[in-house]
Structure formats: structure tokens, C-alpha cells
Amino acid sequence: MWYFERNPFHNVVSWTAAINGLVQNGLNAEALKLFLKLLDSGVRPNDVTFTSVLRACAGFGEIGLGMSVLGLIVKTGFEHNISVSNSLITLCLKMGEKALARRIFDQMEKKDVVSWTAILDMYVGMGDLREARQIFDEMPERNEVSWSAMIARYSQSGHPEEALKLFLQMSRNGFVPNRSCLAIILSALATLEDLRVGMNIHAHVVKIGYEKDVFISSSLVDLYCKCGKTKDGRLAFDSMLEKSVVSWNSMVGGYCLNGQMEEAKVLFDSIPAPNNVSWNTMVGGYLENKEFDKVFEVFNEMLLCGEIPNASTFSSVLCGCASIASLEKGKNLHGKAIKHGTQYDVFVGTALIDMYAKSGDIESSKKVFDRMPEKNEVSWTVMIQGLAENGFAEESLLLFEEMNRTSIVAPNELMLLSVLFACSHTGLVDDGLQYFNSMEAVYGTKPKGRHYTCMVDILSRSGRLVEAEELLRSMPFEPETNAWSALLSGCSKHKNEEIAESTAKKLWELVDKNSAGYVMLSNIYASAGRWVDVLNIRRLMKDRGLKKSGGCSWVEVKNEVHCFYSEDASHCQLAEIYDLLELLRFEMLAI
DNA sequence: ATAGGGTTAG
């Protein structure tokens with residue numbers, strides 16, 4: 001700029017070079033001001049000037065300005081220039097004017113790879129991968145950038161296997177992958193946890209001297225960690241000469257993923273400039289590893305440090321609330337989420353539904369669900385599940401049917417389990433059977449052990465014991481222990497000695513494998529009044545050193561969770577609690 | 001003197 005301002009002789013090239021220099025440094029407003037000066041000076045801008053100016057408009061977020069520039073472009077006759085049109089398309093896409101972008105593209109007399117790639121990226125950005133692929137297949141000419149664009153989008157949209165296929169096809173067609181493409185494919189391989197191919201690419205990267213690239217080496221760290229090799233990941237991380245915050249985040253995330261939370265925390269504390277992804281990684285890590293106290297601890301620390309939580313943060317922390325069924329914390333976070341404008345995010349909404357449902361406040365779940373502008377598979381699942389598990393079986397089934405009518409979301413295993421659960425709790429035996437039998441044909445999911453167990457439970461509860469037993473014995477794989485005990489408890493309820501005997505025998509075989517089996521069997525004998533058998537089992541368990549895992553309940557008082565165990569009376573205020581109970585009992589008697 | 005593609009978290 002110093003030279004530019006002191007040079008009295010300007011031509012288009014020097015003006016354009018100056019404008020472009022500003023744009024490249026992100027000084028869009030200055031670039032536009034300089035462009036106005038250029039116009040005042042009477043120098044005629046050319047095609048290169050326009051591409052730079054349009055880029056400045058895009059960076060500045062000014063579509064109106066871009067349109068006036070368009071007028072100028074038409075007036076000066078550059079509207080059919082390929083570079084100018086390409087820049088225009090990019091501007092439109094940045095401003096969300098997709099229809100206009102497409103119109104400009106269609107009206108271009110000549111198109112080059114850049115034009116095709118830009119429009120390809122538009123469909124990809126709209127989430128329309130099929131249309132994007134069609135454009136990709138129809139492109140008259142491709143270069144490594146168009147290949148990379150398509151590969152990147154497949155990888156980012158949850159189709160890493162398709163990305164890998166395309167990458168191999170690209171290599172077969174003689175295109176040499178560049179740095180970006182290698183970073184993308186390593187990230188896809190990380191998602192696929194394909195260590196074998198990943199290591200091949202790593203070797204290739206070293207051979208061509210790309211291992212110092214920050215993008216590539218960060219992806220390598222991610223690859224090794226996703227494949228469970230945190231040591232190799234750390235090796236790649238330590239050998240990096242230049243680290244970005246993404247490199248740090250990948251390594252921290254790698255430790256979290258592999259349950260090494262202490263290592264994660266140590267590394268996290270040494271990140272030079274953590275961003276919100278770094279924080280979210282730690283929050284998510286503690287959540288995944290079920291260290292719920294730490295979830296809230298890190299979240300509070302995050303707020304204290306002045307880092308702005310985003311939708312990802314709230315979805316994790318709310319999930320933590322759901323896990324400990326803390327309505328108080330959850331409501332508080334709901335308020336914070338609204339304050340940060342994240343309440344309409346799908347993930348946040350879904351976490352809210354689940355949190356309210358797990359805390360027993362199903363009305364609030366329903367409110368959140370109804371107000372969600374966008375619902376995905378998980379949103380529907382947690383709502384259907386929440387209704388079923390809170391005793392609103394009919395509503396749960398109605399919602400499931402509504403989903404099938406109105407949404408493109410396909411039923412998944414978990415939803416179908418909730419549906420069966422709902423049927424079991426309303427005694428809708430035939431509906432249950434119908435859902436169960438249509439699982440594979442209509443919904444495309446093979447029934448798993450849990451579905452069989454639920455179905456056996458439905459049949460047994462209603463006394464259709466022969467059908468239940470037939471179903472159990474016809475299973476293509478080993479049933480869950482629970483399934484046999486469901487049958488047995490049906491037998492004791494409906495007084496069927498014959499099936500009970502054979503089922504009990506089967507259960508006896510299974511109990512050897514786990515203590516839960518003993519407990520179930522003893523409970524079933526107890527409910528049938530066979531106390532001698534109960535005693536026998538208890539004695540057996542004692543002999544084998546097995547301990548029944550105790551029941552536990554808890555309440556939350558003033559943000560603190562108090563646990564009570566059935567066999568371990570260790571609460572610090574136990575005496576006071578019993579005193580108060582005694583007092584209450586006395587009060588009730590007095591009435 | 002110019003336009004298109006890159007790594008991490010829910």
C-alpha cells in the first residue's frame with residue numbers, strides 16, 4: 001500500500017493488485033473503498049478487477065453492493081467473462097442466492113472446471129448429494145479440485161466409504177491427489193477406522209514430503225486415535241513442527257475417545273489458545289466416559305473463562321443432565337440455551353426432550369418436541385421412547401404412527417423396542433405381534449435379542465405361554481436371560497406348571513454365567529411362593545461368592561444428588577432422615 | 001494482478 005499510494009502513475013494493473021492485496025488480507029471494506037477511488041480516477045476496471053471486487057463483496061456480506069457491481073460489469077461488457085461469472089456465482093452462493101447462482105451458471109456460454117465445481121458445491125451444500133453427483137458425472141472436464149470437492153463432501157456428509165471409493169477411482173484415472181485431498185481422505189479413513197489403508201497413505205505422505213502439512217498431520221493424529229492407537233497418534237502429534245488448535249483438539253479428542261481422561265485433561269490444560277471446540281471436546285469426553293460431575297465442572301470452568309458455549313456444548317451438558325435425571329440443572333441449562341439462541345438446534349432440542357423425559361417431566365418434553373423446527377431420527381426416537389417409558393403408551397404408539405405418515409424418518413431398532421414396550425404396557429398383544437412380525441419386512445430391521453425379549457414378555461403377560469415358548473425356541477440366536485425369566489414369570493402368573501418347569505430348568509443352566517440370573521430366578525420363585533427354592537438359590541449364591549447388586553435411588557436437593565442404597569445405609573444424615581420419617585408417620589396416625 | 005477444494009467437538 002505504501003508504494004501504491006506514493007506512485008503517481010496508476011493503471012488498471014496496479015489498482016487491481018492493490019485491491020487484491022487488501023482482499024487477501026481480509027480487509028474487504030478497504031478494498032471496496034479503493035475500488036470506488038479507482039472509479040473516480042477514471043481508470044476502467046477490467047475482468048481481474050471485478051473478480052477481486054466481487055470477492056470483497058462476498059467477504060463483506062453485501063449482496064446489494066454486489067448487484068450494483070453487476071450493473072457495472074454488464075455496462076463494461078464483462079458479463080460473459082468466465083472468471084467474472086465464476087466470482088458472481090461464488091458471491092451468490094455465499095449470500096444464499098442459490099436460484100440466482102444457478103441462473104448465472106445456466107446462462108454462461110462457456111463454462112470451465114471452476115464454474116462446474118462451484119455449482120457442484122452448491123448442491124452439495126444444500127445436502128443434495130445425489131444432484132451433486134449427477135453434476136459431477138456430467139461435468140465435461142474435471143481436475144483434482146473437482147474430485148477433491150466431491151470426495152470432501154461425501155466424507156463430511158457421513159459417507160466416508162463413498163469418499164474412499166471415489167478417491168481410488170480418482171487415482172485410477174491418473175489424477176494425483178494434492179494436499180487437501182490427502183487431508184480429506186485421511187479424515188474419511190479415520191471415520192472408517194481403516195488403519196491398514198490409512199497407514200499406506202501415511203507412508204505415501206512421508207514419501208512425497210507432505211507430512212509437515214498441518215492439515216495432513218492433524219488428520220493423521222485423528223486417524224491413529226480413532227483406530228485406538230493413541231500412542232501412535234501422540235507420536236505423530238509430537239513430531240509436528242507447527243501445531244494448530246485443530247491438532248491439539250484432535251489429540252485431546254483422541255484421548256477422550258479411548259477413555260484416557262487424565263491424559264486428555266493434562267493436554268487440554270496445555271493448549272496455548274483453546275477454542276470452543278477444545279472445550280466441547282472435554283465436555284463431550286467426560287460425558288462419554290460417564291464422569292458426569294466433571295461434565296458440569298468443565299462447563300462451569302468454560303463459562304468462567306469467557307468462552308461462549310454453542311449448540312454442541314448445550315447438547316452435551318443437557319445429555320449429562322438426562323443421565324443423572326437432574327431436572328433442576330436441566331431447566332437452568334434450558335434457560336441458558338435460550339439466552340444463547342441455541343434452543344432451535346436439532347441436537348439441543350433432542351437433548352432437552354430426553355432430559356425432561358428422563359426427569360419425568362413429559363409435558364415439557366412434548367412442548368420442546370412440538371416447537372422443534374427440524375426433527376431428526378434421534379428426536380423422534382427419544383420422544384417415542386420418553387412417552388413409552390413414562391407410561392403414556394397410547395400416545396407413544398400414536399406418535400410412532402404419525403411419524404410413519406408424515407416424516408421421511410425411518411423407524412429404527414430403538415423406536416421399535418419402545419413401540420413393543422408400549423404394547424406390552426397396554427396389553428396390546430396383537431398390535432405387538434403385528435409390529436414385531438413386520439419389523440424386517442416393513443421397517444427393514446432384524447429383531448434383536450431385546451425385541452424378542454419384549455415380545456416374549458407381551459405374550460407371557462397375557463397368558464399366551466405356548467406362543468411365547470415357541471417364539472423363544474425358534475430364535476435364530478441365543479436369547480437373553482431376561483427372555484426366559486419373562487416367560488417364567490408369565491407361567492407363575494398364569495399357573496402353568498409344565499412350561500414353568502422346563503423354563504426354570506433352562507434358567508438354571510444360564511444362571512451359572514451371571515449373578516443377575518440367580519437374582520431373577522430367586523425373585524420368580526419368591527413371587528410364586530416357592531420359598532424353599534428361594535432359600536436354595538440364595539445359599540448357592542453365597543457359596544459361590546456372588547453378590548446381588550443393590551438397588552439404588554436418589555433425590556436431588558439444592559443441586560446436590562443424594563444416593564440411597566438398599567443394602568448399604570451410609571447416607572451422612574441417615575439418623576435425621578429416619579427421625580423425620582418417624583415424625584411423619586406419627587402425624588399421619590394422628591389424622 | 002484473478003475465480004473452485006483441506007483437519008477437530010454434539
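Lettering of chains follows the sequences in order, A, B, ..., and the numbering in each one begins at 1.
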Handout entry: Distance in angstrom units between A/M282 CE and B/dG10 C1', rounded
Key = 15 Å

Handout entry: d(CZ, A/F314; P, B/dA9) in whole Å
Key = 20 Å

Handout entry: A/R179 side chain near B/dG6 phosphate (N/O to OP1/OP2, under 4.0 Å)
Key = no

Practice task
Compare all side-chain heavy atoms of A/S146 with those of A/M139 and state whether any distance is below 4.5 angstrom.
Solution key: yes

Practice task
Rounded to the nearest angstrom, tell me the gap between atom CD in A/E288 and atom P in B/dT8.
Solution key: 17 Å

Practice task
Taking the side chain as every heavy atom from C-beta outward, state whether A/N276 and A/I308 have any atom pair closer than 4.5 Å.
Solution key: no

Practice task
Using a heavy-atom cut-off of under 4.0 Å over every strand shown, decide if A/T51 touches base, sugar-phosphate, or nothing.
Solution key: base

Handout entry: Passing candidate, side-chain hydrogen bond (donor to acceptor under 3.5 Å, both in side chains) with A/N249, options A/T281, A/D222, A/N275
Key = A/N275

Exercise for the section: State whether the number of non-hydrogen atoms from other residues, nucleotides or ligands found under 6.0 Å of A/K294 atom NZ is greater than 12. Expected result: no

Problem - Contacts of type side chain to side chain contact (heavy atoms under 4.5 Å, CB included), residue A/Q169, not counting sequence neighbours - result: A/R133, A/W147, A/L166, A/R172, A/N173

Practice task
Report yes if the distance between the aromatic ring centroids of A/W248 and A/F237 is under 6.0 Å, otherwise no.
Solution key: yes

Exercise for the section: Determine: side-chain N/O of A/N86 to OP1/OP2 of B/dG4, distance under 4.0 Å, yes or no. Expected result: no

Handout entry: Whole angstrom value for the distance that separates P of B/dG6 from OH of A/Y210
Key = 17 Å

Practice task
Kindly indicate whether the side chain of A/S250 and the base of B/dT8 share any N or O donor-acceptor pair separated by less than 3.5 Å?
Solution key: no

Fill in the blank from the handout: When rounded to whole Å, the NZ to P distance for the pair A/K243 and B/dT8 reads 18 Å

Practice task
Indicate, with a heavy-atom threshold strictly under 4.0 Å, whether A/A311 touches base, sugar-phosphate, or nothing.
Solution key: base

Problem - Side-chain donor/acceptor contact of A/N310 with base of B/dG10 under 3.5 Å - result: no

Fill in the blank from the handout: A/E144 atom CD is separated from B/dG6 atom C1', nearest whole Å, by 13 Å

Exercise for the section: For DNA chain B, find the residues of residues 155-169 of chain A with a heavy-atom distance under 4.0 Å and give them by number; none if there aren't any. Expected result: A/Q156

Exercise for the section: Give one of base, sugar-phosphate or nothing for A/N275, where a contact means two heavy atoms less than 4.0 Å apart. Expected result: nothing

Handout entry: Residues within residues 256-272 of chain A bordering DNA chain B, heavy-atom distance below 4.0 Å
Key = none

Practice task
Could you tell me whether the side chain of A/N280 has a donor or acceptor atom within less than 3.5 Å of a complementary atom in the base of B/dA9?
Solution key: yes

Problem - Mutual orientation of the aromatic rings belonging to A/F314 and A/H340 [parallel < 30°, tilted 30-60°, perpendicular > 60°] - result: tilted

Problem - Nucleotide of B/dG6, B/dG10, B/dA9 approaching A/D213 most closely (side-chain heavy atoms) - result: B/dG6

Exercise for the section: Would you please confirm or rule out a distance under 4.0 Å between OP1 or OP2 of B/dT7 and any side-chain N or O of A/K226? Expected result: no

Exercise for the section: Pick base, sugar-phosphate or nothing for A/D112, based on heavy-atom distances below 4.0 Å to the nucleic acid. Expected result: base

Problem - A/W15 ring center near A/F35 ring center (under 6.0 Å) - result: no

Handout entry: Whole-Å distance separating the CG atom of A/L223 from the P atom of B/dT7
Key = 14 Å

Handout entry: Short side-chain N/O contact from A/S219 to OP1 or OP2 of B/dG6, under 4.0 Å
Key = no

Exercise for the section: With heavy atoms under 4.0 Å as the rule, sort A/S187 into base, sugar-phosphate or nothing. Expected result: sugar-phosphate

Handout entry: Rounded interatomic separation in angstrom, taking CG from A/N46 and P from B/dA3
Key = 14 Å

